[in-house]
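Just the heavy atoms: all of them, side chains too, but no hydrogens, waters or symmetry mates, feed the values below. Labels below follow one simple rule: chain letters A, B, ... track the order of the sequence lines, proteins then strands, and each chain is numbered from 1. As the structure is a computational prediction, the values presented were derived from the model and not from experiment.
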Protein chains: 2
Amino acid sequence: MNQPDILQALISENLVSDPAGARGRLLHEAARLFRDKGYERTTVRDLAAAVGIQSGSLFHHFRSKEEILKAVMVETIRLNTALMQAAVEEAETPERKLRALVRAELESINGQTGEAMAVLVFEWRSLSEASQKEVLELRDIYESLWLDVLGTLREHSNLQADPFVVRRMLTGALSWTVTWYRPERGGLSLDGLTDQVMAMLGFAVPA
Amino acid sequence: MNQPDILQALISENLVSDPAGARGRLLHEAARLFRDKGYERTTVRDLAAAVGIQSGSLFHHFRSKEEILKAVMVETIRLNTALMQAAVEEAETPERKLRALVRAELESINGQTGEAMAVLVFEWRSLSEASQKEVLELRDIYESLWLDVLGTLREHSNLQADPFVVRRMLTGALSWTVTWYRPERGGLSLDGLTDQVMAMLGFAVPA
DNA sequence: GACAATACCAAGCAAGCGCTTGGTTTGTAA
DNA sequence: TTACAAACCAAGCGCTTGCTTGGTATTGTC
C-alpha cells in the first residue's frame, strides 16, 4: 500500500482527520503555528485567524487549546506509525529494514508531517500529564518497530552498541535534523541524508 | 586546569556569575524552572519566589524576563566552551579528542549545567531574534572545536560520513539524552554512555 | 557616623490570555 | 416549508502576565 492509500485508510477509520475538512485544516495550521512560535506563544486568536473564524468558535470543535495540541500529536503518531509499518514490511533484510526506518523517520520529520513532528518533539512539556500518558502509549507501538529491527541486527553482530541506546541516539539525531536540514538549498537529498546516517552507523552505502 | 579552576577563572573575568552570589543563584534557579516548566510557563513571580524576593525586585537585576533567559544561555555556553577546550587539549590522538568531546558534552548536558543546557536546546525559540544572533556567535567557537577534530578523523579515514553531518547528528543525539538518561538508576555510567556513543560511530571501546 | 549606592518591598497598571455566553447563520433532510 | 442541529459570530468576563512606580532597608566607603 502506498502513502496516499495509507492516509486514506486512516481517514475512513476516523483515526486521522481529513486535511480537506474543517478539523483537518485547523490541525494543520495549528501544527505550523505551534512549530513556528511555540504552543504557549500561539494564542487561540492566532489559531482562529489562521482558518478564518472567530476565536470563540474554536471551542465548538475542541474543548480546550490543549486538546488541539494533543490532537496534532495523536494524529501524527497514528499516521507515521502506519507509514513506518509499511516501510519495514517492504524491506527484506534487517539492514534494509533499518534503512527504511531511518528514511521514513527523516521523511516524517522533514516532509509533509514535519510541522507536527517538530511539535511532538519540542512541545511535549506543554501537554498535561494525563495527555502525555495517552500519547506515550501510542508511541510504544512505533518504538517497538525500531527495537525489533535493531535487536535483530545486534544478534547478527552488525551493531556494536546496545539497541536501546542506539534507538534513543537516533531519535535525537533524526529529530534534530528539523533544525538544520534544508533540502531545497544545499543539495543533500533525503536519500543522501539517509546514506549519511547509515554510514555514520558503520553500514556501507549501497551502490 | 581542572574544572573548578576553569569556573573560577571565568568568574573573576566576569564572564560567568558566581553561583554563590545573588545573580548567580537566580540564574541557576531560572535554568531549573525554565527546564522544568518551559520559559513561557515560568512567570517572573515564580522566578522571584525561587530566590525569595518580590517579583518587581527582579527588574533591578535584569531589564526584562528575556534578558534572564539570554543570560542563562550565554553563561552556559561560555563555561562549556572553556571546559571543552581544556578537554580537547588534554587528549592526544584525534580519536581520544573526539571521545573527550563526547564525554564533555554528555557531562554538560547531564551534570551540573544540565538544566541550562536543556534550556539552550528547548527554549531557543523564546529568544528574540537579536539575542539569538548574539548567542549563535558564541556557539561558533564551540562548534569549531568539534569540526576540527571530526575533520582530522575524516582525513585519516576513520570516519565514513561527512563531518558537518556527523556533528549535527551528534548534537541531536547527545542533547536528547537529557530526556531519557538517568545515571542514578539503571547502571549506565557517563563513561559507559560515552563508550556506547563511540561504539555506535564504529570506534572500538578501549580496554 | 555621614552618605551614597545598592538591593529590595508593596502596590498596582495596562495588556493579553483562555474561555463563556447568547444569539444568528448555514446546511440537511423530511 | 418546516424543523433541527451544526457552525459560527460579537462581545466580553475574570484572571494572569510582564513590568513600573515610589518609597524603604541594607550595605560599603571615607
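- With values rounded to the nearest 0.5 angstrom, K97(B) atom NZ is found 10.0 Å from L145(B) atom CG.
- Ion pairing between a basic and an acidic side chain is recognised when a charged N comes within 4.0 Å of a carboxylate O; R23(B) and D18(B) show no such pairing.
- For a distance-only test at 3.5 Å, the side chain of R45(B) qualifies as a donor-acceptor partner of the base of dG18(D).
- For DNA chain D, none of the residues of residues 22-39 of chain A falls under the heavy-atom distance limit of 4.0 Å.
- Put simply, CD on Q54(A) is 15 Å from P on dG18(C), counting in whole angstrom units.
- In this structure, D46(A) places its CG atom 11 Å from C1' of dG16(C), rounding to the nearest Å.
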Between the protein and nucleotides 20-26 of chain D, which nitrogen or oxygen pairs are less than 3.5 angstrom apart?
none

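- Distance K65(A) NZ to dC17(C) C1': 8 Å, rounded to the nearest Å.
- In the set dT17(D), dA6(D), dC19(C), dT17(D) carries the atom at the smallest distance from any side-chain atom of T43(B).
- Salt bridge status for E107(B) with R103(B): present, with a side-chain N to carboxylate O gap under 4.0 Å.
- The CD atom of E40(B) sits 12 Å away from the P atom of dT17(D) (whole-angstrom rounding).
- Residue L58(A) contributes atom CG, which lies 18 Å from atom P of dA6(D) at whole-angstrom precision.
- Comparing dC8(D), dC8(C), dA10(C) by their nearest atom to the side chain of H60(B) picks out dC8(C).
- Closest to the I53(A) side chain, of the nucleotides dG18(C), dC8(D), dG12(C), is dC8(D).
- For the pair V74(A) and E134(A), the minimum side-chain heavy-atom distance is 4.5 Å or more.
- Both tests pass for K65(A) against the ring of Y39(A): distance under 6.0 Å to the centre and angle within 45° of the axis.
- Here the P atom of nucleotide dT17(D) and the CZ atom of R41(A) are 15 Å apart, to the nearest Å.
- The pair R32(A)-E29(A) meets the salt-bridge criterion, since a charged nitrogen lies less than 4.0 angstrom from a carboxylate oxygen.
- A cation-pi arrangement is present between R139(A) and Y142(A) under the rule of less than 6.0 angstrom and at most 45 degrees off the ring axis.
- Separation of atoms CG (L170(A)) and CG (L101(A)) is listed at 10.0 Å; rounding is to 0.5 Å.
- Atom pair E66(A):CD and dG18(C):P shows a separation of 13 Å (rounding to whole Å applied).
- Partner R99(B) forms a side-chain hydrogen bond (donor to acceptor under 3.5 Å, both in side chains) with one of T93(B), T194(B), D195(B) and no other, that one being D195(B).
- Per the geometry, NE2 belonging to H61(B) stands 15 Å off C1' belonging to dC19(D), to the nearest Å.
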